[in-house]
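See below for the structure under consideration.
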Amino acid sequence: PLVPASVRERLASTTDAGPSVYQVPLAVGLEGSTAMRVVFAKVGLDMLAESPVWGNGLNAFHLRTPEFGARYGLLTHKDPHILLVRFAAEMGILGLAMLAWLTWAVYRCGRTLWRSDSPAYLLGAVMLCASLYNFVSNLASTTFLQVAQVSAQFWILYAIAARATVERFEEQEEPEGARAALP
């Protein structure tokens, strides 16, 4: 009784498994939110198939959802709710490769710092946990791109961890004569 009616309606629409209006076999019998994500994945794959290397351009998923989603019963402009689908549809294979490289760079930075003997080694563990959280949560959302607070906290944490990693390498002793050998 303390929850507003709009919130109760949203919860009911998300959790009710009514008849599916989508013509995607995997979406039949799923609750509304999950069925939508299955349809979004199918629309994203269709968009990727149209332009596999370069993608369809930034924000193209939202703009072209009615065009690609019509055959599945999706006629309105929608956000994909899945980061991988968004990158595939909008930026193609190059975007997915960029996302993979970024994921590897973040992992490498956090792991290197965590395994170091630096006083800031715990920052590496925090970086790994934050990046894992962001990755898993964005399999069902695109908050990493849309919510400024989520994106900002991640990039600030990454900058601090990267700086601590760089300082770790700067603190290591240089071999004698290394500076004299430089021109």
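Sequence positions, counted from 1, serve as the residue numbers for this chain. As a basis for the values below, the full set of heavy atoms in this structure was taken, side chains included, without hydrogen atoms, waters or symmetry mates. On a predicted model such as this, the values are computed, not experimentally measured, just so you know.
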Nearest heavy-atom neighbours spanning A41 and V85 = CA-CG2, 3.9 Å
Of all the heavy-atom pairs spanning F87 and G95, show the shortest one and how long it is.
-> CD2-O, 3.3 Å
Write down the atom of L48, the atom of G92, and the distance for their closest heavy-atom approach.
-> CD1-CA, 3.8 Å
Just jot down the side chain to side chain donor-acceptor pair (under 3.5 Å) partners of D79, sequence neighbours excluded, or say none.
-> R86, T142, Q146
Is there a donor-acceptor pair closer than 3.5 Å between any side-chain N or O of R8 and the backbone N or O of V3?
-> yes
Under 3.5 Å, which donor-acceptor pairs link side chains of residues 123-135 to any protein atom two or more places apart or in another chain?
| from | atom 1 | to | atom 2 | distance (Å) |
| --- | --- | --- | --- | --- |
| S131 | OG | M127 | O | 3.0 |
| S131 | OG | L128 | O | 3.0 |

Minimum heavy-atom distance between L113 and A161, given as atom pair plus value | CD2-O, 3.7 Å
Which heavy atom of P80 sits nearest a heavy atom of F40, and at what distance?
-> O-CD1, 3.1 Å
Should the heavy atoms of other residues, nucleotides or ligands under 6.0 Å from OH of Y121 be counted, would the total exceed 12?
-> no
Pairs flagged by side chain to side chain donor-acceptor pair (under 3.5 Å) wherever residues 60-70 is involved - sequence neighbours left out | E50-R64, N56-R64, R64-E67
Would you confirm whether E90, through its side chain, and L58, through its main-chain N or O, come within 3.5 Å as a donor-acceptor pair?
-> no
Write down the atom of Y158, the atom of C109, and the distance for their closest heavy-atom approach.
-> CE1-CB, 3.8 Å
